Every structure is written in C-alpha cells, then in structure tokens.
Participant: 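Next up is a structure, given as structure tokens.
Every value quoted in this text rests on a predicted model; they were computed, and no experiment measured them. Protein chains get the first letters and strands the later ones, always in sequence-line order, with residue 1 at the start of each.
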Amino acid sequence: MSIITVQIGQCGNQIGTQLFSTIYDDIFSKDTGIQASKNEDYMDAALNRFFSCEGSVPEARAVMVDMEQKVISQAVSAAKRTGRWRFASGQQYVRGSGSGNNWARGFAAHGPRASDAVLDMLRHESEKCDRADGFLFATSLAGGTGSGVGARLCARVREEHPRAVVVCHAVAPYAAGEVAVQSYNALLTLASLRRGGADAVVLSANDDLHAVCATTPRGGGGREPVSFDDLNAVACRQLAAALLPAEGAPPSLSDVVDALAPHADYRLLSMRHAPQPTAAALPFTEVAWTPLLRRLRRMHAATSARDEGFERESGRVRSVADLLTVRGDGADDADCDAIADHRGAVWAPPGERVRVRRCRRRYGGLRRSAVLVSNSQAVLGTVEGITEKAWRLFASRAYLHQYVACGLTEDDFVQSFADVEQVIHSYRHL
Amino acid sequence: MSQSILIQIGQCGNQIGCRFWDLALREHAANNKNGVFDEALGHFFRNVDTRNGKCQQIPVGDGIGMIHTLKARAVLVDMEEGVVNAALKGPLGDVFDHKQFITDVSGSGNNWAVGNRFYGRRYREAIVESVRREAEMCDALQCFFVLHSMGGGTGSGVGTAILGMLRDEFPDVYNRFVTAVFPSADDDVITSPYNSILALKQLTEVAECVLPIENQALQDICTRISKFSSQSKAGIHTSAAKIKEGSAVSDSHQGAGKCSVQKAFDSMNNIVANLLLNLTCSARFEGSLNVDLNEISMNLVPFPRLHYLVSSMAPLYSLTDVNIPQRRLDSMFGDAFSPAHQLIRADPKHGLYLACALMVRGKAQLSDVRRNIERIKSSLRFVHWNQEGWKTGLCAVPPTGQPYSLLTLANNTCIEKTFTDLVVRFNRLYKRKAHLHHYLTVDGMEVAEFDDSLQSVQSLIAEYKDLQTTRQSIFIPRLQVAASDYSMQYT
C-alpha cells in the first residue's frame, strides 16, 4: 500500500522533503529494539509505502508543485546530496512566477493551468505503485500557491479519482501575523477543502510547532534560534509516526480516514506527540507507558502542543474520533485506556472512538513514544482565530480588490464564511 | 526564473539606476564566485554571446553556463543626453546597448506638461518598442521597476506617461513598482510642486505600488553616516569604532564610482539602489521564506489607491572592529522603526499602520523575527481590522559587507504629511497662477488638469486621515449558523 505525496508551494515542498528524510532515517535507524527478521518486514513495508525502489536509489513517491523554481531545485538537490534517496526526475511542475500570496490567483489562474500536467504526473506516479493507497497533500494554509493551487488540485484529484483517499496536511501560519492576508487565504482554503477535496485535513499550527521547538533546545542547553527547518522537523516527526506502518487498526490511509473522519462536517485533525525530550536528554529519556499516555491525554485535554508546562485543562475537549499510535518497547502491552478517558461526541459509538495502532519497533531514537491524531475540538482555536480575523478584514472590505481582480466575488467570500462558520458550529456543539 | 525590467527616467532616475546596476553587479559578484550565469543573475541581467558580431542570447539553462557579456534588463529614458551618455561612456557602458536608450536633446525644462504631454506622446512608440524588446527576452517577466523623480520635468512627466503605457501595453505584468524621489523643500526647481502634484495624481491612479523617497531624508542619512565616520577618524570613538569599508548603505566602493564632485549625490543614490536590491533579494536568492514580488503589493495594499509604502533600512553601516560586541540583531529591528532610518521624513510610530513587511537578509532566524515582532508590536499602532498585518521574508544571502540587514516596508498613514507639504507648496504658487502659462502653452494641457490633480491628492490625504482617526466604529457580527441547520440533528 503506497502513499503518493503531492507537495505544493514553498511550505509544502519543505514539509514534503523533510517528511521523506524523516521516514528514510527512521527506516534505516539502527536502534530498533526488535528482532532483525521482524525489522526487515517493517523496513520493506515502510519503504514500499513511501519510496519506489525500482532503481538503484529509492525514489520518493512524490509530485512537486510550485510556481517558483528555487524551492524545488533546492529540495531536489538536497535530497540528491544525501545519496540515499532522491526525487524522481520529471515529477516537478514549475511555473515562472508565484501566486503572490493571493489565494484567488493560485486557485483560479495557476491551479487550472497546472491541473492536467500534475494529474499526469500523479497517474505516472501511481502506475509505479503495486497498489496506491491515496494521496497526501502537503501545503500551507496561508500562502497563495500552497493554499490556492493546493485547493484546486485537491478538487481535481477528487474528480479524477473519486475513490482515492485524499488527506491534506496544512500548516497554519503564526497567529501574530506572517502574511498580512493569511486569514483570508486560510479561510478560503478551509472552505474549499470542506466543499469537496480532502477527506481529512491535518492541521499543524506554526505557533504550536514553534512552542515545541522553543522548549526543546537542540544539541543541549541555552536558547537557540528556531528556524523553519526545526518547525518542519516537528511536524514531520508527528506525521511520519502516524503514517508509518504499525499493527492493529488502520493499516492504510483510507482506513485512517474511515476511522478519523466519519462525518463530512468533521474533517479537521490535529496531532500531538510525547515525549519531547531534548537532544541531550534523549539517551536518558525513559518513560513508562502509563505516565506517557496519561501525559498525552492531559496535553490533549489542555490543547497544548508541548508535553510539559501547560495549564491544567479548563474544560474538556470533545473528540469525534482519535487515532493513537504507540511505538517502542512493549507497545503490545501498553495500556491505552488512559487516552480513551476523555469525552467524545454523543453520536460517536464509544467503542469506535479511539483506535490504537501498535508497533514494537522504536521510533526516532526513543524507547517509547506515542502520537495522537485527533478529530476534536482542539482545532477550534486555530479555525476560530482565522475566521475572526478574516471577518474583520472583510467587514472593512480590505484587500478585497486583489481577490476580485483574480475572479473571486464577494459572494464567494460570504459563501466561504458560511461554510467555515458551519464547521466551527459543528465542532463547538459536539 | 522570474525577471524584472528597470525603467529609469530623467536625470535622477538614471543616476539612481546606474548606481543600482553597479551595486547589483557587485552583489552578484560577491555571491557568484564561479562566474556562472545562474537564475539569480538572470533576474536583472541577460547573458549575451557577442562573439562573431552577433548578439546571441544564452538562456540560464541549468545555471552552470559561464557568463559571456552581461546586459542589463533596462530601458533608459532621458530628454537630455548628458546623463545617459555619461552612463554609456562610463565603466557601466558595457551593460547597456544602444537599443535600450531613448533620448532627446532639448530636455523638458522642468515642466511636467512638456514631459508628459509632448515627449510622452512623441516617444510613446519608441518606448513601447524598447520595453517590448526587453520583455520578449524574458521568459517570465514579473515586474517593472520605474525610477524617476517627482520634481523635474522629464522624470515626473515622461515617467508617469510610461506608467500608463505599461498598464495599457503589458496588462499581464501587474507589478509596477515606482520608486519616486520627492523634492526637498529647498529644491532649486521652482516648479517642482506643480510637477509633483501633477505626477502624484498619475501615480495614485496607475501605479501598483509606490516607494516614495524624500531627498531630504536621504541627505540626513548621509550626513549621519559621514558624521560617524569622520568622528571615528578623529579618534573620538577611538580607533575601534570604524565603519567597515563597503558596508554603509551609501557606500559606492571604488571602481565604477564617479568623480568626487558627484560623491554626495552618489551616496544618496546608493541608498535607493540598496533599497531596490534588498527589495528584490528574495526574488533572486534562496531563503527559507521567500517573498515573491507579487506578494508585496498583495500584502501591503489593502485598498487600491493607498499604495504608498514607507521604507526604511537597517543597519546603515557596520563596524570594522570585531572586538566591539556586534550590534545585536534586535537593535536592528528597533532602528528600522525609528524616524532616523526612514527614507521619507516621517515618524511611522505616530502614524497608523495598515500593514508592514519585514524583509530580513543574512544570518537571522525565524525565531529572531518572531521575537522582534512580539517586542515591537506594542509600540506600533495597527489599524483595528489588521492587527496582525505583518508580512515576513527571510533571505539567506546578506548584502555585501554586512552580516544581516532588514528592510521594512510600511503602509502607514504618516505618508500623508509628505503629501500635505507638497499641497501647501503647490498652493503657494497656484494661488497666484505663477508659472502657469508655461504649462498651458503645451498642447493638450488645461487648467482643469491642475484642479483635478490637486483634488486627487487632497482626497488621498483625506483617506489617510480618515483611517488615522476612525476607531472601530461599526461592529458587524460574524455570520451565525441557523439553529435549524441539518447538522443540529446529530447533537
């Protein structure tokens, strides 16, 4: 079962590239904690899932899309430099000039032009798979290319492959402002993905990723500067842990979607992981399953990205569904009831709410680690914030002319607001 | 991958333009040790094989081909021959060829009407032809940079005529950045208020984005830099605090610099040239957060008419002595928001921000930018609907001679003061109808043009003032989900 990644825009391409290198490093990690024969099965399965191994060097199952050359060439050559894996040649779609943070330009101008070529590349990529499982889109929520072109491509892929699973990993911008029109772009993306496109949207907020980085000094001691690479590493660490093979429930992307996104109004997922040790403390990090999972549950309840130093939960976060992946020594016996403790939607059958995947192989140099992918009210903060700000801009009619110039109408905006308000409403009244 | 064309008009525009090409070549030379023609270089330059007497274009290809002869993607327009000829004869002569020049002999006589109505019409075809020729040699033309002054006749008149022409002839290239130099109060051109107001109306209507620069502000910056360097020579700061050679934004290095009489203007022009280099760095070089040129107007222009961006740069120079604790990165952010570093004479902290861009070059990390935004934002006033109106960019390549630098572009209501000053000076002349007849004798120029322009500028000022004073007056509640909605059935 193979996953094909579509990385769009600067953020998407950085995330995608980082994801493949995280996965590759994990596959060939020496610190497995399991028997060699078992490990080989795992390696085969994992490699086949993300890489095509027909040639001498594994090639990432990826299609790269950007409206600028620079980022893609950088990513391709960075992968080539490792000498261990690479991006397939001819699977890159590049145009001369960017979308300029304008969602409408990405969606209405660049997107349709790119669709056919990208769909061809996807077809080519899926022909290389024995069995394709689905598409993973990596985009940003706020940029023009990632969000606009991404939303358009999602919709086109949906049309062309109605049965394929489409999961979108979207990075939400810093709430304190990264792009002035970020809230418009994010709102339009969310609305468009809701209307048709992705089966599930995994949201990673830069603020959350930054919080994790800022409290885990890399290489020991002192406050170190945080770069985009660090943020991407955290996001990919979570994503890889959730997507790599494991036993138990959902073995494939479509099952992940089945388990986590059973309802059209509830498709927004968030990720949390524990433990988050410093690099220096890594060899000494030794947490038993029960405290680890209890901590993860508390993080979830407090909607904290960090694994320590957060406020005690004020109210509980209701979930539609959760997917817990535990990896490491004794994962088979880990008592995962602690996670199942929090409240779910009234209509969700209790037994179905939490699925657990277990893998006895260690992940990321940790003896025990856990990742929780959750379809819950945890996303409310991010989505609320975006909608609130976008509405303030819209009420003053600021920046509208830029979108109108690219063919979007005010009605489209109102419709998008209505769509996203519906999502917020649904989550709030779980 | 993308390309820009620089159109330099009039004496001021051409002088700044020449400094720009000089510094651009230096910047690329410093970052391109192998002498290859890569995509960064291809943004502003063409690679031409001039052997065999032909002008063979060499595409960037995979970015490892050698440089043959670099030609600037530029069009030089002047209604006199002096400056343009000097450029051609000077050390930069090789980067231009004759087809890129449009000149006349008699000048516009500091008269906007002559420049705009007479020469603008007369040379329209020639200019279109020349720009089109440059445009055809780009595979993804992204942006026109138009450089001119507001006070003179050619710059303001022909410059604004060219803007309209670009809009009509190249509708696909929606990025028209104008760098307009505003005259200082003691300007020696008596008609400069007329020219400026007439040109300002055109800029408001036609340009996509305008970076206003005030001569006086440039002079102030130069004075400060030279004061500091002379102080350090005199030993007041001890020998340790010396400006590192080639690091000040006004430095022209040696080499292609002109004779010493021109030095004062040269260093002022260098500041503007550096502004353009920093503005385009992200489009040329790699970085972890690229800023495409399209993104600037997208993020900074919430309403189409309010597209005047106040710019500032920091640091203005760096020190030679490594023993002095390097000025902290954070103080660079503080400096960039102080009045002394603005390229117009205004204090943005007293104005209202509609949006603000931070373009960082060099060894600065994402967390440095985030930290400083958190730190600075309490001292700035943002409009209520855009409290988070930041746009950030990170480019890995620093400017030559400095470890890092910051360019801020702000859509701030403080620009209104510059316009108001101009209107006052305009009215002083216009009340008495002084010098008006020079304009009215030009074919196609009427008094109504003056009134219209004045009105346009006044309404622009009013729009800025309105924003400055209005608080969050009307509150429109967000959309509500109707209770009878289908999703409610589940809860």
Participant: Give, for atom CZ of R95(A) and atom OG of S2(B), the distance between the pair rounded to the nearest 0.5 Å.
Facilitator: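 The OG atom of S2(B) is 13.0 Å from CZ of R95(A), to the nearest 0.5 Å.
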Participant: Please report the interatomic distance CG(D368(B)) to OG(S227(A)), rounded to the nearest 0.5 Å.
Facilitator: 10.5 Å
Participant: Examine whether an atom of Q480(B) lies under 4.5 Å from a heavy atom of chain A, and if so say whether it belongs to the side chain, the backbone or both; otherwise answer neither.
Facilitator: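 Neither the backbone nor the side chain of Q480(B) comes within 4.5 Å of chain A.
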Participant: Is it the case that R397(A) places NZ or CZ above or below the six-membered ring of F303(B), under 6.0 angstrom from the centre and within 45 degrees of the axis?
Facilitator: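 Negative - R397(A) is either too far from the ring of F303(B) or too far off its axis.
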Participant: Tell me whether E388(B) contacts the main-chain N or O of Q182(A) through its side chain, where contact means a donor paired with an acceptor under 3.5 Å.
Facilitator: no
Participant: Got a second to check how far Q74(A)'s CD is from S288(B)'s OG, nearest 0.5 Å?
Facilitator: 9.0 Å
Participant: Within this structure, what is the OH-CH2 distance for the pair Y399(A) and W385(B), rounded to the nearest 0.5 Å?
Facilitator: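 Reported value, rounded in 0.5 Å steps: 6.0 Å.
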Participant: If every non-hydrogen atom of S367(B) is compared with every non-hydrogen atom of P225(A), which pair is closest and at what distance?
Facilitator: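 Looks like OG-CA, 3.1 Å.
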Participant: Chain A: which of I373(B), V383(B), L289(B) shares the most heavy-atom pairs with it under 4.5 Å?
Facilitator: L289(B)
Participant: Is a side-chain N or O of Y174(A) found less than 3.5 angstrom from the main chain of R370(B), in a donor-acceptor match?
Facilitator: no
Participant: Please identify each residue that fulfils ring pair (Phe, Tyr, Trp, His ring centres under 6.0 Å) with F170(B), with sequence neighbours left out.
Facilitator: F144(B)
Participant: Before accepting this row, confirm whether a basic side-chain N of the pair R478(B)/E388(A) lies closer than 4.0 Å to the acidic partner's carboxylate O.
Facilitator: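 Yes.
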Participant: Of the non-hydrogen atoms in K377(B) and A176(A), which two are nearest, and what is the gap between them?
Facilitator: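 Of all heavy-atom pairs spanning K377(B) and A176(A), the closest is NZ-CB, 4.0 Å.
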Participant: Search all heavy atoms of N101(A) against all heavy atoms of K391(B) and return the closest pair with its distance.
Facilitator: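 Closest approach of N101(A) to K391(B), heavy atoms only: OD1-NZ, 2.7 Å.
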Participant: Could you tell me which portion of L293(B) (side chain, backbone, both or neither) has an atom closer than 4.5 angstrom to a non-hydrogen atom of chain A?
Facilitator: neither
Participant: Determine the sole option in N294(B), N299(B), V301(B) for which the side-chain contact (heavy atoms from CB on, under 4.5 Å) test with Q402(A) is passed.
Facilitator: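 Option passing the side-chain contact (heavy atoms from CB on, under 4.5 Å) with Q402(A): V301(B).
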Participant: Would you check if there is a donor-acceptor pair between the side chains of N386(B) and K389(A) at a distance under 3.5 Å?
Facilitator: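 No donor-acceptor contact under 3.5 Å links the two side chains.
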Participant: Does any backbone or side-chain atom of E421(A) lie under 4.5 Å from a heavy atom of chain B? Answer side chain, backbone, both or neither.
Facilitator: both
Participant: Is E39(B) reaching over with its side chain to a backbone N or O of Q69(A), donor-acceptor style, under 3.5 angstrom?
Facilitator: no
Participant: What pair of heavy atoms forms the shortest contact from N290(B) to V71(A), and how long is it?
Facilitator: ND2-CG2, 3.5 Å
Participant: Measure across W390(B) and G177(A) and return the closest heavy-atom pair with its distance rounded to 0.1 Å.
Facilitator: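 Nearest heavy atoms, W390(B) then G177(A): CB-O, 3.8 Å.
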Participant: Which bit of A175(A) is near chain B, if near means a heavy-atom gap under 4.5 Å: side chain, backbone, both or neither?
Facilitator: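 It is the backbone, since no side chain atom gets that close.
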Participant: Stepwise, does the side chain to side chain contact (heavy atoms under 4.5 Å, CB included) test hold for E295(B) with S99(A)?
Facilitator: CA-CA 8 Å; E295(B) 294 173 13; S99(A) 309; over 6 Å; no
Participant: Using a 4.5 angstrom heavy-atom cutoff, name the option from Q142(B), Q3(B), E286(B) with the most pairs to chain A.
Facilitator: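 Highest number of heavy-atom pairs under 4.5 Å: E286(B).
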Participant: Is it the backbone or the side chain of E178(A) that comes under 4.5 Å from a heavy atom of chain B, or both, or neither?
Facilitator: both
Participant: Considering non-hydrogen atoms only, spot the tightest contact between P304(B) and H401(A) and give its length.
Facilitator: CD-ND1, 3.3 Å
Participant: How many angstroms lie between CG in D230(A) and CG in L366(B), if you round to the nearest 0.5 Å?
Facilitator: 8.5 Å
Participant: Given a strict heavy-atom distance threshold of 4.5 Å, which part of D139(B) is in contact with chain A: side chain, backbone, both, or neither?
Facilitator: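 Interface part for D139(B): neither.
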Participant: Quick check for you: to the nearest 0.5 Å, what is the distance between F417(A) atom CZ and L479(B) atom CG?
Facilitator: 7.5 Å
Participant: Identify, with sequence neighbours excluded, every residue that meets ring pair (Phe, Tyr, Trp, His ring centres under 6.0 Å) alongside F413(A).
Facilitator: Y184(A), F394(A), Y403(A)
Participant: Between A40(B) and chain A, with a heavy-atom cut-off of 4.5 Å, which part of the residue counts as in contact: side chain, backbone, both or neither?
Facilitator: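 Looking at A40(B), nothing touches chain A.
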